[in-house]
Amino acid sequence: MRRIELGVIHCTDTPEGREVSADEIRHWHTSPKPQGNGWKQVGYHGLIHLGGRLSMWFGVDGDEFLDPLEVANGVRGYNQKALHFCYVGGKKYYGERRMIAADTRTREQKLVMQNLVALYTSRYPWIKWCGHRQLDSRKQCPSFDVPQWL
C-alpha cells in the first residue's frame, strides 16, 4: 500500500458533446489488444459525464493509502500513489475531420470536478493535483492546464 499523493485529471479524448458510457471506457481499457489496451482494470477512479453525473469504478476507503483494490491504471509509474478522475470530452473538430485538444468541459462537469477536488483535498490535505500531461509530456490530456485552473 502506498500513500495517496496525487490527484490526476484526465479526459476521454473524445469529441465535444459525444457522451461516453462507463462500459465503453471499461471496454477500451480492459479488452485484449488490438480492440483495447489489455489492462487488468480501468484507468480511472471516476468518470464525469457531460451532464455532471459521476460514475465510480473504485471506491476509496478514506484512509490515506491506496490498497490493491483501489489502484487505477491512469498513468504508468504513478498509479500506486494517485487518484484518477476523467471527464468526457477533450477534443473539438477542426475542419471536417481533424480534431484538436480543447477544454470541452460543460458547466456541470466543472462543478463536479471542483467538488471532487475539494472533497479529496479535505480528506488528504497534502494531495497535489495535476493533469495527465504534467506527468507524461507526450500527452495533451486533459486538454486544459489543471494547475492554472486550480
Side-chain angles (χ1 to χ4, degrees), residues 1-91 99 101-106 108-147 149-150:
M1 291 191 295
R2 300 244 174 109
R3 188 173 193 228
I4 296 170
E5 296 176 15
L6 292 170
V8 185
I9 306 294
H10 301 264
C11 68
T12 57
D13 209 27
T14 53
E16 180 175 31
R18 180 187 178 271
E19 184 59 79
V20 177
S21 72
D23 286 339
E24 213 171 344
I25 298 286
R26 183 183 311 282
H27 174 75
W28 294 347
H29 289 187
T30 63
S31 292
K33 291 183 178 191
Q35 294 83 15
N37 292 334
W39 298 344
K40 290 181 182 176
Q41 57 205 23
V42 177
Y44 317 119
H45 288 84
L47 176 67
I48 306 167
H49 295 272
L50 294 174
R53 184 171 55 89
L54 178 65
S55 293
M56 294 291 288
W57 283 285
F58 299 98
V60 180
D61 63 15
D63 67 16
E64 65 185 78
F65 301 100
L66 286 172
D67 65 48
L69 295 176
E70 297 171 316
V71 175
N73 283 337
V75 182
R76 183 183 302 239
Y78 295 92
N79 297 325
Q80 297 294 323
K81 60 182 179 180
L83 299 175
H84 299 277
F85 294 98
C86 182
Y87 78 94
V88 172
K91 292 283 187 174
M99 288 196 300
D103 183 357
T104 63
R105 293 174 297 160
T106 64
E108 295 84 2
Q109 286 175 311
K110 288 178 182 178
L111 181 61
V112 170
M113 195 175 290
Q114 288 169 345
N115 289 338
L116 281 170
V117 167
L119 171 68
Y120 286 103
T121 301
S122 71
R123 233 181 240 178
Y124 314 109
W126 57 85
I127 198 169
K128 303 289 184 217
W129 290 92
C130 65
H132 186 169
R133 71 185 189 181
Q134 273 79 43
L135 302 175
D136 183 347
S137 62
R138 297 168 297 161
K139 303 287 185 181
Q140 293 180 321
C141 174
S143 300
F144 72 97
D145 188 318
V146 172
W149 171 68
L150 290 173

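Count residues from 1 along the sequence. Quick caveat, the model's predicted, so the values are computed rather than measured.
The distance from atom CD of E70 to atom CD of Q80, rounded to the nearest 0.5 Å, is 11.0 Å. Summarising the geometry, atom NZ belonging to K110 is positioned 5.5 Å from atom CG belonging to D103; distances are rounded to the nearest 0.5 Å.
Under the rule for a side chain to side chain donor-acceptor pair (under 3.5 Å), Q114 has no partner lying at least two apart in sequence or in another chain. In this structure, N73 has no side chain to side chain donor-acceptor pair (under 3.5 Å) partners at least two apart in sequence or on a different chain. Every ring pair (Phe, Tyr, Trp, His ring centres under 6.0 Å) that H132 has, sequence neighbours left out, goes to H10. For K91, the salt bridge (Lys or Arg N to Asp or Glu O under 4.0 Å) partners at least two apart in sequence or on another chain are D13. Applying the side-chain contact (heavy atoms from CB on, under 4.5 Å) test to E16 and every residue at least two apart in sequence or in another chain returns K92, T104. Residues passing the ring pair (Phe, Tyr, Trp, His ring centres under 6.0 Å) test with H29, sequence neighbours excluded: W39, Y44. The side-chain contact (heavy atoms from CB on, under 4.5 Å) search around P32 returns none, not counting sequence neighbours. Residues passing the salt bridge (Lys or Arg N to Asp or Glu O under 4.0 Å) test with K81 are E5, sequence neighbours excluded. With sequence neighbours left out, the salt bridge (Lys or Arg N to Asp or Glu O under 4.0 Å) criterion links R138 to D136. By the salt bridge (Lys or Arg N to Asp or Glu O under 4.0 Å) test, R18 pairs with E24, sequence neighbours left out.
Within the 4.5 Å cutoff, no side-chain heavy atoms of Y78 are placed close to those of V8. Side-chain atoms of I9 and F144, non-hydrogen and from C-beta on, do get closer than 4.5 Å to each other. Proximity of L66 to F58: side-chain heavy atoms (C-beta onward) are nowhere separated by under 4.5 Å.
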* Would you sort out whether M56 and F85 count as a side-chain contact (heavy atoms from CB on, under 4.5 Å), showing the intermediate values? => CA-CA 9 Å; M56 294 291 288; F85 294 98; 4.1 Å; yes
* Take W57 and I25 through the test side-chain contact (heavy atoms from CB on, under 4.5 Å) and record every step on the way to the result. => CA-CA 10 Å; W57 283 285; I25 298 286; 3.6 Å; yes
* L116 and L83: side-chain contact (heavy atoms from CB on, under 4.5 Å), yes or no, with the steps? -> CA-CA 11 Å; L116 281 170; L83 299 175; over 6 Å; no
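Looking at every heavy atom in both residues, Y87 comes nearest to S143 through OH-CB, 3.9 Å. Counting all heavy atoms, side chain and backbone alike, H49 lies closest to S55 at NE2-OG, 2.7 Å. V88 and T12 get closest at one heavy-atom pair: CA-OG1, 3.5 Å.
Residues in residues 32-56 take part in no salt bridge (charged side-chain N to carboxylate O under 4.0 Å, His left out) pair, two or more places apart or across chains. Under the side-chain hydrogen bond (donor to acceptor under 3.5 Å, both in side chains) criterion, the residue pairs touching residues 115-127 are T121-W129, with sequence neighbours excluded.
Using a distance-only test at 3.5 Å, with no hydrogens or angles considered, a donor-acceptor pair links the side chain of H45 to the main chain of H84. Within the 3.5 Å criterion, the main-chain N or O of L50 finds a donor-acceptor partner in the side chain of T106.
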